[in-house]
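What follows is a set of notes on a single structure, which appears directly below.
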Amino acid sequence: EVTVPRDEPPHLPINAEPLYRTSGAPYEPIGDPMLAEVGPGAWTARPDEPDLDHHGLPKIMPLAKAPEFGVSGNDPDPRGKDLLDADGEVAGVIKDLWVDRGEAMFRYLEAEVPANGGGTRRVLVPMAFARIRPTGVTVKALLAHQFANVPALKADDRVTLLEEEKVTAYYGAGTLYAKPDRAEPLI
């Protein structure tokens, strides 16, 4: 049920500026384009709560917390494999898979990567950006050091709709901004 008009959150500032002082000029991100949340890195302000099934449980959760699911014997199990970046450099290690229990399919890989300032942290990798190969899991969208800035989750056993937006948008930003030459003309 939707009621209109309704209170809308204020529009967030755009972290980009026009390249030229003309109407219709293209915009360029301000600061780190991977974190500017514009272009392929833009996201929608969805509810900051998990998508729930008809029992009130989160639909998407780590495989470690969903014992009724597993990896088929006919498919490669990426757990324990290296996470490789766009240049083939090792960026981390795959630790778990996140299953969408409503669709019975994997939505994310969970990787342990070096954290900014030392140590490690766990991040989600959307399956649409990952290629599972015998040599490891390749993610062409990012470089190894960029995994440290993947948006964090509030909990280690659930992902909210807003967190899904932000995580996927970060990888989307990498498809254009991870390397400077990606934003240049192809010809």
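Computed from a prediction, not measured in an experiment: that's the story for all the values here.
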Are the side chains of Y170 and L142 in contact, using a 4.5 Å heavy-atom criterion?
yes

With a 4.5 Å heavy-atom cut-off, do N116 and N149 have their side chains touching?
yes

Please tabulate, for side-chain N and O atoms in residues 117-124, each donor-acceptor pair with protein atoms closer than 3.5 Å (sequence neighbours left out).
unit_1 : atom_1 : unit_2 : atom_2 : d
R121   : NH1    : A148   : O      : 2.7
R121   : NH1    : V150   : O      : 3.0
R121   : NH2    : V150   : O      : 2.9
R122   : NH1    : E110   : OE2    : 2.9

Is [Y] reachable from [X] through a run of I, L, V, M, F, W or Y residues, each pair having side-chain heavy atoms under 4.5 Å apart?
| X | Y | answer |
| --- | --- | --- |
| L153 | L109 | yes |
| V159 | L57 | no |
| V99 | M127 | yes |
| I132 | V90 | no |

Give me the one residue out of L176, V38, L35 that meets side-chain contact (heavy atoms from CB on, under 4.5 Å) with P29.
V38

With a 4.0 Å cut-off on N to O distance, would you call D100 and K59 a salt bridge?
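No, D100 and K59 are not salt-bridged.
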
Could D48 and K154 be called an ion pair, given the rule that one side-chain N must be under 4.0 Å from one carboxylate O?
yes

Y108 and E164: side-chain donor and acceptor closer than 3.5 Å?
yes

Heavy-atom pair of closest approach, residues P134 and K81:
O-NZ, 3.5 Å

Inspect the surroundings of NZ in K179 and state if more than 12 heavy atoms from other residues, nucleotides or ligands are less than 6.0 Å away.
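Atom NZ in K179 is crowded, with more than 12 foreign heavy atoms closer than 6.0 Å.
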
Around atom CD1 of I14, are there more than 12 heavy atoms from other residues, nucleotides or ligands closer than 6.0 Å?
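No, not enclosed.
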
